[in-house]
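Counting convention: from 1, in listed order, for ligands and their atoms alike. Predicted, not measured: the structure shown is a model, and the values here were computed from it.
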Amino acid sequence: MPKLGVNIDHVATVRQARRTVEPDPVWAAALAELGGADGITVHLREDRRHIQDRDVRLLKETVQVKLNLEMSIADEIVDFALEIMPEQCTVVPEKREEITTEGGLDLLQNSDRIQRCVDRLLEAGIEVSLFIDPEPTQIEAADALNVHAVELHTGCYAEAKSSEDVSRELERLLIASEEALERDLLLHMGHGLTYRNVEPVAEIPGVSELNIGHSIIARSMFVGIEAAVREMKALVSRTADVSME
Ligand code: PXP
């Protein structure tokens, strides 16, 4: 059964809309844990548009499940990660003008800078995951970097509208998953996953972690974070039971 990492960035997005103290993502993390989250994920962006340094420092002290820091390869951010020492860092591409992460890291471009970032994190004993598109060439490049895991970008699957497109994108994820598992990489997935589309992804053999943010935080406005996490966790767990029948 895949573990559920809950991305709480958007709690901080609401707080930053007023540059005030509430809602506090640290509270959100505690409630997500109560709802059954296996991990808490935050993205400390270079422009600090939502999560702040203070949040990551406090989360490191308070989170009892896995703390996963999403981050760019910028030296300043890598320095910060090495100071905080989260259990896992997921390296993502970052563009200032984007609304959210668009596409996976291109490991064939900027490979020297990516390698330097990955090596610094690995040398410090942090588990490293690379957020990449579900392409065999990217998985091969990730393997060459000696990372622990790849997080396959599920955005194209999530955005697919027709059933043909959904099937095609699911097939791409399946093929890339097999490639990652053959190379003994841990298999994570995330981006754009919702209560409606998560089940086929959770059923992919070997997937060990799903990172889900927007859909859970959106639902939590109406049902509370604990319940929203519990509902997602039930869906992810249920699919695991079905696939074993
Ligand atoms: N995984 C990665 C690497 C991401 O960058 C994000 C978005 O911050 C997510 C998962 C979660 O995506 P969503 O908010 O669409 O669930």
Can you list the atoms of ligand 1 that are under 4.0 Å from a heavy atom of [X]?
X	result
Val92	3 (C)
Asn211	10 (C), 11 (C)
Glu151	1 (N), 2 (C), 3 (C), 10 (C)
Ile212	16 (O)
Asn7	8 (O)
Gly192	12 (O), 13 (P), 15 (O), 16 (O)

Q. Would you call Glu123 and Arg120 a salt bridge, using N to O less than 4.0 angstrom?
A. no
(Q) Is it true that Asn211 and Glu209 share a donor-acceptor pair across their side chains at a distance under 3.5 Å? (A) yes
Q: Give a yes-or-no answer on whether the side chains of Glu46 and Ser72 include a donor-acceptor pair shorter than 3.5 Å.
A: yes
Q) If you measure every N/O of His214 against every N/O of ligand 1, is any gap under 3.5 Å? A) yes
Name the closest protein heavy atom to [atom], giving the residue it belongs to and the distance to 0.1 Å.
atom	answer
atom 16 (O) of ligand 1	Gly213 N, 2.8 Å
atom 12 (O) of ligand 1	His191 CA, 3.5 Å
atom 9 (C) of ligand 1	Glu70 OE2, 3.9 Å

Q.
Tell me the contacting part of His153 for ligand 1: side chain, backbone, both, or neither, using a 4.0 Å heavy-atom threshold, strictly below.
A. neither
Q: Please state whether the rings of His10 and His214 are parallel, tilted or perpendicular, taking 30° and 60° as the class boundaries.
A: perpendicular
